Amino acid sequence: MNGPLDPHLFVIVGATGDLTARKLLPALHELTRTSASPMVVLGAATSDVGGDEGFRRRAADALAAAGVDTAEAAAWAAERVHYQQVAGGDYGALAGRIEDLDRAHGLRGNRVLYLALPPPVFPDAITGLGEAGLAGGPGWARLVVEKPFGRDLDSACALNEVVHRWFSEPQVYRIDHYLGKATVQNLLVFRFANPVFEASWNRDRVARVEITVAESLGVGSRGRYYDGAGAVRDMIQSHLTQVLTLVAMEAPGSMDADAIRAEKAKVLRAIAPIRPEDVVLGRYTAGEAAGAALPGYLESPGVAPGSSTPTYAALRLGIDNWRWQGVPFYLRTGKAMAERTTQVTVRFRPPPVCLFHTHDCDCVQLSDVLTLHLQPDEGFDLDIDVKAPGEAGGLRRIPLRFAYGEEFGEIPDAYRTLLRDVVEGDQTLFVHDSEVEESWRVYAPVVDADLPVHDYPAGSWGPEAAAALVDGGRWAVGGR
Ligand code: BG6
């Protein structure tokens, strides 16, 4: 059992969507199970779902689908869950309901306002909440905004402006669920609690870094949202960039939120302008992925006919600072790929002099490779050369492996960690206003550029053109 949490109302604006059912309700259920938490949940959305009772049934079904015992799911929903229809943007009615619940349950005016909405309606919803007086006291009020935060630099700045009209930055939690993954948090522990690696974590020792987030599923039923976003907005600007900054940042002065965010923002500011030749975009065609036949992206429901939205993006970035100048960072993500895997691969430079040869004098020493497996099979491998017994002069590549599962069992879902942090008021794992603006600045040359989109068959490692992006023509993960 964790420590007690402040009494509070957890308001989900856009509560009838998929995110609420799949992620938020199971995470909130877990939060109340593992901490003493006088939390009341209020779902709000435009549709009529049959009042509190109707929404409780939905909530109980969502929990049961997430593996919670049916009787427990129904009891939890009956005890804590409420619903308010917000028709025609009437946030006044929502404010009234919040006040009633607050009084009835003694919640001291504390509230989380979670925007589980499609991004285009964020500004209106934030304004509605602000005008209804929900951004301030009597207790604490925290706003949680899902990604993508904006569509480009201008829209992200405009959205920050709307947010700040009502909420101060310490009240704002821009969520990127990758930061809630234990393996992503472990990047800082790995680097700064184990100086043995940190001493080699620089341009003198590292030849290149690859970050791959490959998904084996296609866009499924999310075609409408995805077609307006694409791989760069949906994954690179957010999740891969978070991983990149944690891999590349300097040690913060302390582990507090401001110190870490400041170092991450410095990395973003040091990224050299991306040129068209540093980018390969792709779109999957019909094939077989994740063990099933998959229609091509253009045939998926919700996708505009003839759409040029990429479902794959590979980029080469340079970080112009003392630590990383000259070291290529490769970022790659795609839907309908050969495998579901998220990995960071750090290839170290080979030894300066080769002492181990085959009989015909070729060097048999390879450069060491560190692979951080962020998901699935969480853990890491360090591939090193060892002497193979009995083989004259023979060296063998051996992975030194750590597996999270063997040591710790199941890893908690990212949303559980992040929602707890929101309620505790810890912003460390959330994205700051300047950080989000910096990252859009980095990708500005890509999101609006008219670049070719190469086809790749579902179930492959992406377009062949991506091989030309990496030194030696081979990606560490999946070859091309
Ligand atoms: C979401 C994207 O943010 O992350 C999805 O919108 C993507 O398109 C998902 O599938 C990937 O998350 P995870 O945790 O499964 O790697």
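If you read the sequence from its start, that first residue is 1, and numbering goes on from there. These figures come from a predicted structure and were not determined experimentally. Atoms within each ligand, like the ligands themselves, are counted from 1 in listed order.
- Here the protein heavy atom with the shortest distance to atom 12 (O) of ligand 1 is His177 NE2, 3.1 Å.
- Ranking the protein heavy atoms by distance from atom 7 (C) of ligand 1 puts Glu215 OE1, 3.4 Å first.
- Close approach to His239 involves these atoms of ligand 1, each under 4.0 Å from a residue heavy atom: 1 (C), 3 (O), 4 (O).
- Within ligand 1, the atoms closer than 4.0 Å to a non-hydrogen atom of Asp234 are 2 (C), 5 (C), 6 (O), 8 (O), numbered from 1 in the order shown.
- Although no hydrogens or angles enter the test, the distance criterion places a donor-acceptor pair under 3.5 Å between the side chain of Tyr226 and the main chain of Ala231.
- Looking only at protein heavy atoms, the nearest one to atom 15 (O) of ligand 1 is Arg340 NH2, 3.9 Å.
- Asp176 pairs in a side chain to side chain donor-acceptor pair (under 3.5 Å) with only one of the listed residues (His239, Gln237, Gln242), which is His239.
- Contacts with ligand 1 closer than 4.0 Å are made by side-chain heavy atoms of Tyr178 only, the backbone lying farther away.
- For the pair Arg111 and Trp140, the cation does not sit on the ring face, since its NZ or CZ is not both under 6.0 Å from the ring centre and inside 45° of the axis.
- Cation-pi geometry between Arg174 and Phe149 is met: under 6.0 angstrom from the ring centre, within 45 degrees of the axis.
- Taking CH2 from Trp461 and OH from Tyr312, the interatomic distance works out to 9.5 Å, rounded to the nearest 0.5 Å.
- Counting atoms of ligand 1 from 1 in the listed order, those under 4.0 Å from a heavy atom of Lys181 are 13 (P), 14 (O), 16 (O).
- For the pairing with Asn160, the side chain to side chain donor-acceptor pair (under 3.5 Å) check across Glu437, Arg165, Glu169 returns one residue only, Glu437.
- Ranking protein heavy atoms by distance to atom 5 (C) of ligand 1, first place goes to Arg222 NH1, 3.3 Å.
- For the 3.5 Å distance criterion, the side chains of Thr309 and Asp227 qualify, holding a donor opposite an acceptor.
- Shown in contact with Lys335 at under 4.0 Å from a heavy atom are these atoms of ligand 1, numbered in order with element: 5 (C), 7 (C), 8 (O), 10 (O).
- If you number the atoms of ligand 1 from 1 as listed, the ones under 4.0 Å from a heavy atom of Lys147 come out as 1 (C), 2 (C), 3 (O), 6 (O).
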